[in-house]
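Written out below as structure tokens is the structure these notes cover.
None of the values given here were measured: they were computed from a predicted structure.
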Amino acid sequence: MTANLHSVVLSKLRQPRATAKGVERARLSIQLESARERLVSLVTAPAGFGKTWLVADWLASHAEVAQCWVTLDRYDNDPMRLWLHIIEAVRLSASPDASEEAAALIRSSDEIGLATIVDALASGIANSGDELLIVVDDAHVLESTEVLNSLDQFLGLVPRNAHVVFVGRHDPALPLAKWRLSGHLVEIRTADLRCSLEESQAIVAGALGLDLDAAVVAEIQNKTMGWLAGIRLAAVATAASGDAAKAAAQLPSVGTVDGAYDTVSEYLVEEVIDDLEERDRRFLLDTSILDDLSGPLCNAVSGVEDSTEVLERLARAGMFVSPMGETD
């Protein structure tokens, strides 16, 4: 298959925008800071631990550094599709010259070997001399042997001025032990991403604006084991109950439930959704088929005319939507 059969999907290259709805996680930002001195970084945990927000917030604090973001999906197991998007992301960064040769090769109508394209991109980044941060989000979806081999090739060629951050629910199937042994690997895992009690209090009182007793927040933090999404959902459900302390005590614990995160999230979602007005429940159901939400798109799907206002209101209330990127 020739590379010119593919088109760039720009939404895959849109860097998420960290917002005030997130909680400041200085200890993790310090860990990420060491990524600028290493070749590869891993930020891995189950869904809902704030991985993407953490990395987006860290990048926002380094606006002076060239940076690019690629969000993957299962179709990126096609190597040409994957590298077309990585190359375009680098081109759109502050160092467009770094990808010039690779971009020309991958868009050629001739059959160009994948290894040659990867070589060209790594060489271009090295020749640019500019520091470059490359984030590959949802890296856990990659399964193709050819894709994984090409990424391993790229990591073996990446110069000192570039740093690759993989974000996902688990590690990509790459031979990472060599980078770990050589001291070139930064690892942020589930245990690191668990919210402390202080961070949980900041989420509840600051990001969500809820007035819950310290003991209730501590119970929520304990039952969710610091799982950020669980804290948000549990806090909203608990605050909406008639007896916050009792509701918190009755929360299932992720430490004692088989398939913990899915089971607890289902429970909490049901609790929160039951408390919504019928109009908002219908809106969330109608728009649940969308990956990215915008006012006009939600208007078209849901049939309402004030989707922008609805999205803003639901985001303020912590109801399943968060503003992560600029809309077109």
Side-chain angles (χ1 to χ4, degrees), residues 16 18-25 28 45-54 56-57 169 190-191 193-291 293 310-324:
T19 72
K21 280 290 182 182
V23 59
E24 184 178 356
R25 312 195 73 181
L28 295 178
F49 271 88
K51 304 180 295 293
T52 295
W53 188 92
L54 170 67
D57 184 58
R169 298 185 183 182
T190 302
L193 286 158
R194 294 190 189 281
C195 293
S196 65
L197 179 57
E198 292 74 18
E199 289 168 336
S200 301
Q201 291 168 336
I203 292 168
V204 173
L208 297 178
L210 299 175
D211 183 18
L212 294 177
D213 289 344
V216 172
V217 177
E219 182 73 9
I220 289 172
Q221 194 267 346
N222 179 58
K223 289 291 185 66
T224 61
M225 293 181 65
W227 174 37
L228 193 151
I231 292 168
R232 291 174 64 96
L233 288 169
V236 172
T238 300
S241 69
D243 187 335
K246 181 179 179 181
Q250 292 176 340
L251 289 171
S253 171
V254 299
T256 60
V257 178
D258 185 31
Y261 299 111
D262 289 340
T263 303
V264 176
S265 66
E266 288 173 6
Y267 167 83
L268 292 171
V269 166
E270 289 173 2
E271 287 291 302
V272 175
I273 286 180
D274 283 346
D275 194 55
L276 288 175
E277 294 181 4
E278 175 59 28
R279 180 177 185 270
D280 288 340
R281 280 200 297 268
R282 173 54 56 184
F283 179 85
L284 288 170
L285 177 63
D286 289 342
T287 59
S288 64
I289 62 173
L290 303 173
D291 292 324
L293 306 180
V310 174
L311 287 170
E312 290 175 350
R313 176 166 51 77
L314 291 174
R316 286 194 300 271
M319 296 292 185
F320 314 108
V321 294
S322 297
M324 288 299 293

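- The two residues Leu208 and Ala235 have their closest heavy-atom pair at CD1-CB, 4.0 Å.
- Nearest heavy-atom pair, Pro16 versus Thr52, reported as atom, atom and distance to 0.1 Å: CG-CG2, 3.7 Å.
- Between Leu228 and Leu193 there is no side-chain heavy-atom pair separated by less than 4.5 Å.
- For Ala248 against Val216, the heavy-atom pair with the smallest separation is CB-CG1, 3.9 Å.
- To the nearest 0.5 angstrom, Leu284 atom CG is 11.0 Å from Arg279 atom CZ.
- In terms of modelled atom types and a separation under 3.5 Å, the side chain of Lys51 and the main chain of Thr190 share no donor-acceptor contact.
- Taking both residues in full, the closest heavy atoms of Ser200 and Gln221 are given as OG-CG, 3.0 Å, listed atom of the first, atom of the second, then distance.
- The backbone N or O of Ala214 lies less than 3.5 Å from no partner atom in the side chain of Gln201, so there is not a single donor-acceptor pair.
- For the pair Leu212/Ile220, a side-chain contact is recorded, criterion being any heavy-atom separation below 4.5 Å from C-beta on.
- With a 6.0 Å radius and a threshold of 12 heavy atoms from other residues, nucleotides or ligands, Asp211 has its CG atom at or below the threshold.
- Here the CG atom belonging to Leu285 is positioned 9.5 Å from the CD atom belonging to Glu278, to the nearest 0.5 angstrom.
- With contacts defined as side-chain heavy-atom distances shorter than 4.5 Å, the pair Glu199/Leu28 does not qualify.
- Atoms NZ and CD, on Lys246 and Glu219 in that order, are 14.0 Å from each other to the nearest 0.5 Å.
- Although no hydrogens or angles enter the test, the distance criterion places no donor-acceptor pair under 3.5 Å between the side chain of Arg232 and the main chain of Gly48.
- We find the OG1-CG distance between Thr287 and Leu311 to be 7.0 Å, quoted to the nearest 0.5 Å.
- Here the closest non-hydrogen pair linking Phe49 and Arg25 is O-NH1, 3.7 Å.
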